[in-house]
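Below is one structure; the comments refer to it alone.
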Amino acid sequence: MTAALEISQLHKSFGQVKALDGLDLTVAPGQVAGFLGPNGAGKSTTIRVLLGLLRADSGDVSVLGLHPWADAVALHRRLAYVPGDVSLWPNLTGGEAIDLLSRLRGSTGKNRRAELLERFELDPTKKGRTYSKGNRQKVALVAALAADVELLVLDEPTSGLDPLMETVFQECITEAKQAGRSVLLSSHILAEVEKLCDTVTIIRNGRAVRSGTLTELRHLTRTTITATIDREPTELTSAMGVHDLRYDNGAVTFDVDTDQMSTVIRSLGQLGVSSLHSAPPSLEQLFLRQYGDNLIGARS
Amino acid sequence: MNSDLTATGTLVRFALRRDRVKLPIWVGAIGLGMLYAVSALPTVYGTPQARQGRAELMDSPAAVMMSGPGYGLDDYTLGAMITNEMVLYLAIPAAMMSIFLITRHTRAEEETGRAELIRSTVVGRHAAACAALIVALIANAGIAVLTALAMLSGDLAVADSVAVGAGIGLTGLVFASVATITAQLTEHSRAASSLAMAAVGAAFLLRAVGDVSQPGGNLLSWLSPLAWTQQTRAFVDLRWWPLLLPLALCAVTVAIGYAVSGRRDVGAGLIPPRLGRAHAAPSLSTSFGLALRQQRVSLISWAAGLLIFAVPTGSLSDSVTESIANNPQVGEVFTANGQNPLDGFYATMALFFALLVGAFAVISVLRLRSEERTGHAEAALATSVSRTRWYFSWFGFTALASAVLLALSGLGVGIGAASGDAGAETIVKVGIGTLAYFPAVAVVAALAAALFGFSPGASALAWIVVAYAVLFGMFGALLDLPSAVSDLSPFAHTTALPLTDLPLTPLGVLTLLAAALALAGAAAFRRRDLEST
């Protein structure tokens, strides 16, 4: 079976600015693929090329076996898209916008529409201009998720949603996957990608820097622990799964692999913890740790 | 200092920085318009006899409608001629500039949410509106100074030149203050400027009807801010007090605007938003349906506005006949062109309405650009709508709506005329005669669409063609321009009235040209990147 989406050596420049610089990306059919990168990495540009809204300077792009620029109409009948910054027609209601987009696509999922409106707690009678950012995003999500399509292209779809709605969104994506749909999910939130995606591609400065299954990228999903303890953490320095430990006058900071978490926490507990803070590493931190400063510098 | 006005000075500098290209173009173009009139008119009308000939022509109701109250027609000096014929067409652009300026810096800022960002800093409640008014004051002062200097360069009387220049600037300022109110009524900047432009249209109509009804104007004329500059009787028998009227009106409207602005929320209009339908109507299923839905209100307002204009205009045809009976010389001028004087009147009106519809067509095509810039085009084009289809849906609406508006204005003039002594056949005749301008309007619309196809930023350049057509359509005869110059306007070739000899070749050529331009635009649009937000 052909890949749902395949990009190789994609280049795209806007004047002097190189937005994409030899990007490779593959999404297998029926899989949820995470597309991860910091702001300005080229995620949205890639997605716009995938939709035939932008023309690639060079490189091969194939979506559902079609060429996005030449076969845009045939392709768009089989996919649905949620833009990162949803802009609705100010004088149309959310319900009207959902219907319009479905009709323009040529597929209407009437039953799913009502169900999704309820799950996302969206009032379809409000005018587009009166919706908040999160609600505008819900309108686009309902329109896309209700569609009977093979591929969902989602550009940072949860950036305006509250945690409750994020959960609803995650359920919907899981259902879409069970229904056999392929999903490209762009995000800058590592945790979201971890929960939903089978494979992850990390993009920076217009090219893929890492790509693989989540297990292959497990080392990227370390948690940063900061704690105040009574004694020096000598046992921890040599413990399995502990990285980059720093200790300074009662305050310890280190990263821990997810699969070693319980063992490490147990040893930490014996050190007399008086405060504890844990956080998933930010993308920027990861990049710094993984690739050093030369990549950060490469942006300029 | 009142804390409601904190940071006004900073916002004024900010607005001037943002408009550093726009405003000098508007102000400079209006100044140049006056300079051109002052330098060209003495060559065209070098002798008193030539000027008197012009004066007799300006005595007809159709001419009065399009010019002024006719002070000084018995001794038509250069100054009197400028005040009577040019002032209106310099004051209207000043009003437009002011309306767009105020809307751009108040309602548009609130609509985009940028005002929220500004207002969260140390900025007073009224600072933005006040800054916009100060910028309008600066721009209109520039217009007043430049137009007055232009007149002085033609050795015209100092006091009268200053009065006319000040009058034009004050007219701009009046409509700036009107716009501060309309900007608060709706949440939409487009609706806000349309409402204010409707006020300009109403002022034009009031002055036209008033001045036609009575030489020197009657009460209706005095109700129109566009009339006040001419009512100074500059270069004939100067009086200053009519210039107090715009000052008083500005004070009143600004006070109202401030009172209203103190009562409403940032971003909100006085007309509250309502809930709508949960499901889209069946008509909202295609790109064309969307184009129609988005421009429905605009089309209805234009249709209503044009009809309100056209019917009273048509009803003037009796006074045209009358004035020819009283003054055979006026009739001779028209018959010299091989036209029945009444047909000449209808033809002038048909051109006038066709130019207005041309403006509608450009505004409507520019919706393509705003759909793209707001990201709405991206949403539509990510569905199974092809670029060609999307483009022609919106363009098709513009073409169709333009045809409807042309037919309505023609029918309106005809109905007005038929309500008097003209026969019912006039309705059909003027209707067809106005509709004959459709290919010319289509060329303008297609040019705008073609420019959009190549680059969305370029589409506004189509305004140049409209401005050119207005300039040479309305002033070609006054300035006695060579036909090679006037003929560049698409509107110069399709005068169909009195329908004895339809200009079939130019109609065909213009239609083909419009089709070619529209297709070229579609081809270019298919090949370029979509601009993203």
Side-chain angles (χ1 to χ4, degrees), chain A residues 12 14 44-45 47-56 69 72-108 110 113-114 117 123-130 133 140 143-144 147 153, chain B residues 110-113 186-191 267-269 272-291 293-298 367 370-390 393 526-533:
Chain A
K12 176 74 191 174
F14 300 105
S44 297
T45 304
I47 285 176
R48 289 195 171 107
V49 171
L50 289 175
L51 293 166
L53 299 171
L54 299 180
R55 191 177 212 169
W69 183 268
V73 173
L75 172 63
H76 293 168
R77 217 164 265 143
R78 297 165 58 193
L79 64 76
Y81 164 55
V82 175
D85 190 0
V86 181
S87 153
L88 296 176
W89 292 273
N91 54 340
L92 298 191
T93 64
E96 284 177 316
I98 291 169
D99 287 348
L100 174 68
L101 288 171
S102 316
R103 289 170 188 173
L104 289 179
R105 187 181 298 111
S107 62
T108 44
K110 279 234 164 68
R113 177 194 195 267
L117 282 177
D123 178 356
T125 62
K126 281 190 178 172
K127 292 282 169 76
R129 62 168 166 273
T130 62
K133 175 173 164 54
V153 179
Chain B
E110 288 189 48
E111 196 181 16
T112 55
T186 84
E187 294 185 351
H188 274 311
S189 56
R190 207 192 293 274
R274 282 169 306 180
L275 293 181
R277 330 162 54 112
H279 290 270
S283 59
L284 190 61
S285 298
T286 57
S287 288
F288 183 83
L290 177 64
R293 169 68 188 269
Q294 292 302 94
Q295 299 178 70
R296 196 170 59 183
V297 176
S298 143
R367 289 282 187 126
S370 62
E371 282 288 296
E372 179 170 356
R373 293 230 162 120
T374 48
H376 302 153
E378 181 175 313
L381 289 171
T383 68
S384 49
V385 172
S386 72
R387 292 211 186 180
T388 315
R389 184 175 188 150
W390 182 80
S393 298
R526 253 197 333 264
R527 277 169 184 75
R528 72 169 168 85
D529 285 347
L530 207 64
E531 240 181 41
S532 50
T533 42

Exercise. Side chain, backbone, both or neither: which part of A:R78 has a heavy atom under 4.5 Å from chain B?
Worked result: neither
For this session: Could I get the full list of side chain to side chain donor-acceptor pair (under 3.5 Å) partners for B:R526, not counting sequence neighbours?
Result: B:T388
For this session: Examine distances only and state if a side-chain atom of A:S87 and a backbone atom of B:T374 form a donor-acceptor pair shorter than 3.5 Å.
Result: yes
Seminar exercise, completed: Value for CH2 (A:W69) from CZ (B:R387), rounded to nearest 0.5 Å, stands at 4.0 Å
Exercise. Using non-hydrogen atoms only, which part of B:A377 is less than 4.5 Å away from chain A: side chain, backbone, both, or neither?
Worked result: neither
Seminar exercise, completed: Closest non-hydrogen atoms of B:E378 and A:L53, given as atom of the first, atom of the second and distance, are CG-CD1, 3.3 Å
Problem set entry | Short side-chain to backbone donor-acceptor contact, B:D529 and A:L54, under 3.5 Å | no
Problem set entry | Side chain proximity check, A:N91 to B:V297, heavy atoms < 4.5 angstrom | no
For this session: Would you please test A:L92 and B:L290 for side chain to side chain contact (heavy atoms under 4.5 Å, CB included) and show each step?
Result: CA-CA 10 Å; A:L92 298 191; B:L290 177 64; 3.9 Å; yes
Problem set entry | Contacting moiety of A:L75, where chain B heavy atoms sit under 4.5 Å | neither
Exercise. Does B:L381 offer a backbone N or O that forms a donor-acceptor pair with the side chain of A:H76 under 3.5 Å?
Worked result: yes
For this session: Could you check if a side-chain atom of B:H279 sits within less than 4.5 angstrom of a side-chain atom of A:R113, using non-hydrogen atoms only?
Result: yes
For this session: Using a 4.5 Å cut-off on heavy atoms from C-beta on, say whether the side chain of B:L284 contacts that of A:E96.
Result: yes
Exercise. Within a radius of less than 6.0 Å around NZ of A:K127, do more than 12 heavy atoms belonging to other residues, nucleotides or ligands occur?
Worked result: yes
Problem set entry | Note, B:R389 side chain near A:V73 side chain (heavy atom, < 4.5 Å) | no
For this session: Give a yes or no on whether the backbone of B:L530 and the side-chain of A:R55 come within a donor-acceptor separation of less than 3.5 Å.
Result: no
Seminar exercise, completed: Note: vs chain B, highest number of non-hydrogen pairs under 4.5 angstrom among A:V49, A:L79, A:L101, A:I98 is A:L101
Exercise. Atom CG in B:L275, atom OG1 in A:T93: separation rounded to 0.5 Å?
Worked result: 9.5 Å
Exercise. Checking B:E111 against chain A: side chain, backbone, both or neither under 4.5 Å from a heavy atom?
Worked result: neither
For this session: Name the member of A:T45, A:L100, A:D123 that forms the most heavy-atom pairs with chain B at distances under 4.5 Å.
Result: A:L100
Exercise. Which residues satisfy the side chain to side chain donor-acceptor pair (under 3.5 Å) test with B:S285, sequence neighbours excluded?
Worked result: A:R103
Exercise. Would a 4.5 Å heavy-atom cut-off, applied to side chains only, mark B:E371 and A:W89 as touching?
Worked result: yes
For this session: Would you confirm whether B:S384, through its side chain, and A:R77, through its main-chain N or O, come within 3.5 Å as a donor-acceptor pair?
Result: no
